[in-house]
Amino acid sequence: MAEKNESKAKQTNERKIICKGPVDKNNGAIIFRLPPERKGGKSFDIVKGQILTVGDDKDISEATANQLLDSKTWKFEEVTK
C-alpha cells in the first residue's frame, strides 16, 4: 500500500512542459531540434503539442527545460494538472 502512495506522489511531482509551437506562425518551422545532451547522443526533435517530462533519465534535463521556457522563437509552457 505504501508503494502505491509513493508512486502517486512521484507522478504528481513530475515537471512537464508543452510545446505550443513557433512564436511566428508564418516562419514555416514544424520542429524544434535540440542538440544532443550527452556526448554521442542523438539530437531531439520537438513538435507542436508535444509534452516533455523533465528530470534525470526523462525527456529533457532541468537546464534544457529552463532554456526552452525562456526561448524567444518557440513558445513552451509548464503543464499544470
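Please read all numbers here as calculations on a predicted model, not as lab measurements.
For the pair L68 and F76, the tightest heavy-atom approach, listed with the atom from each and the gap, is O-CD1, 3.3 Å.
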Report, one line per pair, each donor and acceptor closer than 3.5 Å where one atom sits in a side chain of residues 46-54; sequence neighbours left out.
from, atom 1, to, atom 2, distance (Å)
Q50, OE1, V47, N, 3.0

What pairs of donor and acceptor atoms, side-chain ones from residues 20-29 against any protein atom, are under 3.5 angstrom apart with sequence neighbours left out?
from, atom 1, to, atom 2, distance (Å)
D24, OD1, N26, N, 3.0
N27, OD1, A29, N, 2.8

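Taken from NZ in K75 to SG in C19, the straight-line distance is 11.0 Å, to the nearest 0.5 Å. Of the inter-residue distances, the one linking R15 atom CZ with K58 atom NZ reads 14.0 Å to the nearest 0.5 angstrom.
At a threshold of 4.5 Å between side-chain heavy atoms, the hydrophobic network of Ile, Leu, Val, Met, Phe, Trp and Tyr places L34 and W74 in one connected group. A continuous path of ILVMFWY side-chain contacts below 4.5 Å connects L69 to F44, so both sit in one hydrophobic cluster.
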